[in-house]
Number of protein chains: 2
Amino acid sequence: MTEATRRERLRAETEREIRQAARALLVESGRDAVTLRAIARKLGITAPALYRYYDSHDALLRQLCDDICADMATALHTNLAAETSGQVGCKVRAVCHAFRRWALAHPQEFALVFASPRDPIGADQFGAVFLQLAGPLIASNEDANHVDEEVPEVLHEDLVRFQQVLRDAVAEHGVTLADDVLNLGKIYHVVQSWVRLYGHVALEVFGRFPFAVSNPEPMFDSMLDQMLQEIGFTEVDR
Amino acid sequence: MTEATRRERLRAETEREIRQAARALLVESGRDAVTLRAIARKLGITAPALYRYYDSHDALLRQLCDDICADMATALHTNLAAETSGQVGCKVRAVCHAFRRWALAHPQEFALVFASPRDPIGADQFGAVFLQLAGPLIASNEDANHVDEEVPEVLHEDLVRFQQVLRDAVAEHGVTLADDVLNLGKIYHVVQSWVRLYGHVALEVFGRFPFAVSNPEPMFDSMLDQMLQEIGFTEVDR
DNA sequence: AACTCTTGTAAACACCGTTCACTAAAACCG
DNA sequence: CGGTTTTAGTGAACGGTGTTTACAAGAGTT
């Protein structure tokens, strides 16, 4: 039944416990508390033993980032699946809301994965997760009326590259798209939306709005309305 | 001539050197390198001596944040003063560009001040600096056509509070405003602009765009165009 | 049973923030 | 001036950290 040997099972189990302990420490006490010795204490072993599983403290943090991204991806997909309405706009809205909710519920994780300047840590994965969701959604929005001429020519090169990234993401779900479904105008608005979504959520999580916002959710909703309208989701019924 | 005693001068000088050393360490090797012992080494003293100047490592980091914010404020004001065109739109554009340039040139400082989840560290100061600049600029834009009815009612309460913050900021420059100059519609768009500005800059500094952007500046310009147009700066000549 | 590989330990090194007792010099004061 | 107080700095120490090294004990293999 179990393919793995006894030793492999034990090793996998220990590794699982390490990740779990690291995660708990991060959530409870922040990034600086994710210490090799603290993790080891939780497992009832000594710190050097952890080097049998990870090359360094840094590598362990990177693994932690991966786990977090994976969990977030799961949460977003779950929320998307729960939105059974056929309207694409509603699905996009659901994912955006889920992202905000996740970030607010997991501030330490959000901070770790997001806000490290250019570190190899958590690079790419995050945006990738989100846009793997966005790709199919945007692609399934047939009634957008953007044309490539809307977007400045200097951006074309980068947007075409991004177009390919999105197309690959959609392709992994087994769908290939006609050229005009993911036109540059749409792509451009997706990037703009990502900027606003990330901006709002980060400001809220980090508490960096320039004034005390007593009730940020309506502001988020309001932003989403405008975003969706710009992208071309005409149905505004929430 | 010099009001201060000899001892006070020496103390001030040492404190200056401490801040300078801390800043250099942050820039060179990141947040984790800003260590009491490392700072002390740079000054040729021992670590405990620093406790004559700061209560703790944390307090020193807070001071560092304050310094960074002050420096950024200076940089932004300088850039604003250099924009001698009378058009308000150009001034706003200049400040936004200056912000982006500063953040890209000082990624470690940006990360320290910005992206700590709810820490007392760097709280408020940052947004405050930026919007102390924005207040007068927005207020001086006479030809905006927003009306309060544009913004959802749920947001009124918060926006009115922010309105007061902006009014106070402008008042510190010795100007009092008529009620309709800073109406809620304008305020709302200022917040939206802050979201987008921060979102773009943070994504760029942290390298979290979902694809490799070879030339982000035109994208930033493009965003600014749209932003300014929404706020109501009709003059689009850059 | 003998051998190898794996997983853990204990000790050590260099670094960290922080505290405490202590010194030497500066500033103050009669 | 001489004595006293205030101050800036030291050195040793405590417990914490990441990491390396030598070593032990068990699991798996032949």
Side-chain angles (χ1 to χ4, degrees), chain A residues 1-26 28-65 108 112 116 119-121, chain B residues 1-26 28-65 108 112 116 119-121:
Chain A
M1 181 60 195
T2 54
E3 290 282 357
T5 70
R6 174 183 138 87
R7 196 130 73 177
E8 278 167 337
R9 267 185 295 110
L10 284 180
R11 183 179 179 84
E13 172 65 16
T14 305
E15 194 167 351
R16 216 187 48 81
E17 284 179 29
I18 292 175
R19 297 182 186 198
Q20 179 180 318
R23 187 66 161 278
L25 285 165
L26 175 67
E28 289 162 15
S29 319
R31 189 206 148 114
D32 292 349
V34 184
T35 263
L36 290 185
R37 285 185 153 92
I39 296 172
R41 267 193 300 271
K42 283 213 173 199
L43 300 210
I45 63 179
T46 60
L50 294 174
Y51 282 81
R52 302 288 174 191
Y53 299 86
Y54 296 96
D55 286 343
S56 68
H57 182 243
D58 228 56
L60 200 151
L61 276 192
R62 250 188 294 281
Q63 174 65 58
L64 184 53
C65 277
Q108 302 285 4
L112 177 65
S116 329
D119 272 344
I121 225 174
Chain B
M1 180 63 193
T2 53
E3 289 282 357
T5 70
R6 174 182 140 88
R7 194 130 75 178
E8 278 167 337
R9 268 185 295 111
L10 285 179
R11 184 182 179 82
E13 173 66 14
T14 304
E15 192 166 353
R16 215 186 48 82
E17 284 178 27
I18 293 175
R19 296 183 187 198
Q20 179 181 317
R23 187 67 160 279
L25 285 166
L26 175 66
E28 289 162 16
S29 320
R31 188 204 151 118
D32 291 349
V34 184
T35 263
L36 289 187
R37 285 186 152 95
I39 295 172
R41 267 194 299 271
K42 284 212 173 203
L43 300 209
I45 62 179
T46 60
L50 294 174
Y51 282 82
R52 301 287 173 189
Y53 298 86
Y54 296 95
D55 287 343
S56 69
H57 181 245
D58 229 54
L60 201 150
L61 275 192
R62 250 188 295 280
Q63 174 65 58
L64 185 53
C65 278
Q108 301 286 3
L112 176 65
S116 330
D119 272 345
I121 227 176

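Chain letters run A, B, ... following the sequence lines, proteins first and then strands; every chain starts at 1. Values reported hereafter were calculated over all heavy atoms of this structure, with side chains retained and with hydrogens, waters and symmetry mates removed.
- If B:Arg37 and B:Thr14 are placed on DNA chain D by their nearest nucleotide, the residue sitting closer to the 5' end is B:Thr14.
- D:dG9 atom C1' lies 14 Å from atom CD of B:Glu17, rounded to whole Å.
- Side-chain nitrogen and oxygen atoms of A:Thr35 include at least one within less than 4.0 Å of the OP1 or OP2 phosphate oxygen of D:dG18.
- Regarding A:Asp55, its CG atom lies at a distance of 14 Å from the C1' atom of D:dT20, rounded to whole Å.
- Side chain of B:Arg7, nearest nucleotide from C:dG8, D:dT20, D:dT7: D:dT7.
- Between B:Leu25 and the choices B:Asp32, B:Val34, B:Leu64, the side chain to side chain contact (heavy atoms under 4.5 Å, CB included) rule is met once, by B:Val34.
- For the pair B:Leu50 CG and D:dA8 P, the interatomic distance rounds to 13 Å; values are reported in whole Å.
- Across the protein-nucleic acid pair, B:Asp32 atom CG and D:dT19 atom P stand 12 Å apart, rounded to whole Å.
- Where B:His57 and A:Arg52 each meet DNA chain C at their nearest nucleotide, the meeting point lying more 5' is that of A:Arg52.
- Map B:Ala33 and B:Leu10 each onto its nearest nucleotide of DNA chain C; the residue landing nearer the 5' end is B:Ala33.
- The interatomic distance linking B:Ile39 (CD1) with D:dA8 (P) rounds to 18 Å, in whole Å.
- Residue B:Thr46 has a polar side-chain atom (N or O) positioned under 4.0 Å from OP1 or OP2 of D:dT10.
- In this structure, CZ in B:Arg37 is found 11.5 Å from NE2 in B:His57, a value given to the nearest 0.5 Å.
- B:Glu8 has its CD atom 13 Å from the C1' atom of D:dT6, to the nearest Å.
- Residue B:Tyr51 has its side chain nearest to C:dG17 when only C:dA10, C:dC15, C:dG17 are considered.
- With rounding to the nearest 0.5 Å, the separation of CD in B:Glu17 from CD in B:Glu13 is 5.0 Å.
- Distance CZ/A:Arg19 to OH/A:Tyr53: 12.5 Å, rounded to 0.5 Å.
- Within the 4.0 Å cut-off from OP1 or OP2 of D:dT17, at least one side-chain nitrogen or oxygen of A:Arg41 is found.
- Backbone-only contact: B:Tyr53 has heavy atoms under 4.0 Å from sugar-phosphate atoms and none from a base.
- Side-chain nitrogen and oxygen atoms of B:Arg9 include none within less than 4.0 Å of the OP1 or OP2 phosphate oxygen of C:dA26.
- Proximity note for B:Leu36 (side chain, C-beta onward) versus D:dT10, C:dT9, C:dT18: the nearest is C:dT18.
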